[in-house]
Visitor: 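Before I ask anything, here is the structure I am working with.
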Amino acid sequence: MNRLALFVPLALFAGLSLVLLLGLDKDPTELPSALVGEPFPAFNLPSLMAEQQFVTEQNFKRDVVLVNVWATWCFACRIEHPMLNELSAKGVKIIGLNYKDQRAQAKAWLAERGNPYQFNIFDAQGQLGIDLGVYGAPETFLVDASGIVRHRRVGVVDERVWNTEFRALYEQLTGSEQ
Amino acid sequence: MRLATLFALCFSALVFAGAEVVEFSDESLRSRYQNLVQELRCPKCQNQNLADSNSPISKDLRREIQRMLEEKMTDREIKNYLKSRYSEFILYRPEVNKNTWLLWGSPVLVVLFGVLILARHRRQAKPLVAKGREMIASDQQRLNAMLGDEENQQ
């Protein structure tokens with residue numbers, strides 16, 4: 001009994017090492033999302049393209065959409081943009097949330113790089129951003145036809161992320177092949 | 001003196017971060033505001049509270065907290081508002097739930113473990129102590145006997 005007890009520190013050390021080893025793979029900058037499974041928050045904000053026009057969450061009701069948070073000051077959004085163009089060309093409906101940006105610059109960005117968005121919400125104060133729990137652009141939310149957020153990606157959506165995180169769920173929700 | 005200046009320089013960034021002027025309709029809100037921004041974590045930064053962080057999101061959240069305080073929301077309501085958006089990450093003092101019970105319970109567990117070890121030690125030590133006492137007593141007797149003999153001889 002006493003001889004076995006000598007191995008207790010070793011066992012504790014091994015256990016701790018295992019826990020820490022598993023922790024190495026986790027990205028500490030990634031927050032658990034509080035919004036997945038919850039309805040997309042209600043909002044009433046101007047459209048980016050038409051200043052006088054207001055858009056709400058009703059504008060994409062009954063559609064499976066991606067809501068993409070972007071801004072011209074966001075460097076990673078530059079990298080992400082071609083992928084969004086590609087998805088849009090394949091028929092994926094993408095709603096833009098132009099987050100804490102300048103209207104003129106945002107319009108110029110879309111003119112220059114192409115516009116993959118059905119429409120853009122212009123959130124100059126970041127109010128909808130706070131309701132969505134946005135802490136860094138780009139972020140992408142997959143919203144189902146009943147307005148429930150089904151997935152959230154913080155960071156760039158590229159080919160790999162789309163295939164591993166979004167594709168299966170999107171196809172399941174829309175009943176189509178992408 | 002030079003050390004003091006160095007010290008002041010090292011910490012000046014912390015002092016000035018988030019030192020924007022905040023106006024309240026009621027001054028009693030200020031202390032609650034200070035407590036909240038100390039206790040809530042900046043979602044963008046890894047280990048800074050809202051008070052220390054200069055990131056845009058922290059500025060926005062400080063403004064939100066100010067707004068909610070003015071709207072007479074309680075501290076709990078404000079925390080829940082932010083938790084429902086940014087998840088529990090934002091609370092520097094996590095709530096007790098299935099993910100955190102071990103964290104909260106571990107001090108108690110460690111103390112209990114210590115008590116257990118202590119109790120075991122005492123139990124094991126008891127016969128030894130008793131035996132020790134006996135030996136002391138018998139040694140004392142022998143000693144007394146020897147001393148007694150010596151005294152007798154003198």
Side-chain angles (χ1 to χ4, degrees), chain A residues 1-2 5 8-9 11-12 15-16 19 22-23 26-43 67 69-76 97-102 123-139 141 148-149 151-155, chain B residues 36-37 40-50 53-69 71 73 77-92 94-95 97-100 102-103 106 109-110 113-114 116-117 119-121 123-125 128:
Chain A
M1 175 56 215
N2 262 340
V8 167
L12 282 176
L16 188 66
V19 169
L22 291 176
K26 287 191 176 165
D27 180 3
T29 61
E30 197 162 312
L31 271 61
S33 181
L35 210 64
V36 170
E38 301 288 324
F40 195 89
F43 65 92
V67 178
V69 182
W70 67 282
T72 54
W73 47 259
C74 149
F75 184 76
L97 172 58
N98 186 232
Y99 179 62
K100 301 184 75 172
D101 209 349
Q102 306 287 326
D123 187 11
Q125 300 299 316
Q127 187 53 51
L128 179 55
I130 287 178
D131 284 341
L132 284 168
V134 169
Y135 59 93
E139 288 193 23
F141 297 81
I148 306 291
V149 176
H151 187 70
R152 174 196 191 172
R153 167 75 189 179
V154 178
Chain B
L36 282 168
V37 295
L40 291 166
R41 184 174 181 181
C42 158
K44 183 72 190 166
C45 338
Q46 276 304 291
N47 223 343
Q48 267 188 317
N49 57 19
L50 291 180
S53 167
N54 254 333
S55 71
I57 186 71
S58 293
K59 278 184 191 156
D60 287 356
L61 291 182
R62 285 199 294 266
R63 204 185 55 219
E64 278 290 293
I65 290 170
Q66 185 193 0
R67 177 184 65 77
M68 288 187 277
L69 282 170
E71 285 174 7
M73 282 169 75
E77 282 169 339
I78 292 172
K79 282 186 191 171
N80 282 339
Y81 175 93
L82 291 170
K83 198 188 84 182
S84 67
R85 285 159 177 75
Y86 291 95
S87 80
E88 269 196 19
F89 179 92
I90 201 156
L91 305 175
Y92 257 130
E95 292 166 341
N97 59 30
K98 69 175 190 328
N99 288 326
T100 56
L102 192 61
L103 181 69
S106 57
L109 289 179
V110 168
F113 189 63
L116 214 72
I117 288 182
R120 232 180 91 125
H121 252 269
R123 214 176 39 234
Q124 284 179 345
L128 286 177

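Each chain gets a letter, A, B and so on, in the order the sequences are listed, and its residues count up from 1.
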Visitor: Let me confirm one number: the SG-OH distance from B/C42 to A/Y135, rounded to the nearest 0.5 Å.
Guide: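 Rounded to the nearest 0.5 Å, the SG-OH separation comes out at 10.5 Å.
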Visitor: Could you list the residues that satisfy salt bridge (charged side-chain N to carboxylate O under 4.0 Å, His left out) with B/E95, not counting sequence neighbours?
Guide: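 With neighbours one apart ignored, the set is B/K83.
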Visitor: Taking side chain as everything from C-beta outward and backbone as N, CA, C, O, which of these in B/F89 sits under 4.5 Å from a heavy atom of chain A? Side chain, backbone, both or neither.
Guide: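 Looking at B/F89, just its side chain touches chain A.
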Visitor: Considering only heavy atoms, which portion of B/E64 lies under 4.5 Å from any heavy atom of chain A: side chain, backbone, both, or neither?
Guide: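 Just its side chain gets close to chain A.
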Visitor: Show which side-chain atoms of residues 125-133 of chain A pair as donor or acceptor with protein atoms under 3.5 Å away, not counting sequence neighbours.
Guide:
unit_1: A/D131; atom_1: OD1; unit_2: B/R85; atom_2: NE; d: 2.9
unit_1: A/D131; atom_1: OD1; unit_2: B/R85; atom_2: NH2; d: 3.0

Visitor: Which region of A/V154, side chain (C-beta onward) or backbone (N, CA, C, O), has a non-hydrogen atom less than 4.5 Å from a non-hydrogen atom of chain B, or is it both or neither?
Guide: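 Interface part for A/V154: neither.
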Visitor: Report, as yes or no, whether the 6.0 Å neighbourhood of atom OH on B/Y92 holds more than 12 heavy atoms from other residues, nucleotides or ligands.
Guide: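 Above 12, so yes.
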Visitor: On a heavy-atom basis, which atom in A/A34 and which in B/S87 lie closest, and how many Å separate them?
Guide: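 It is CB-N, 3.7 Å.
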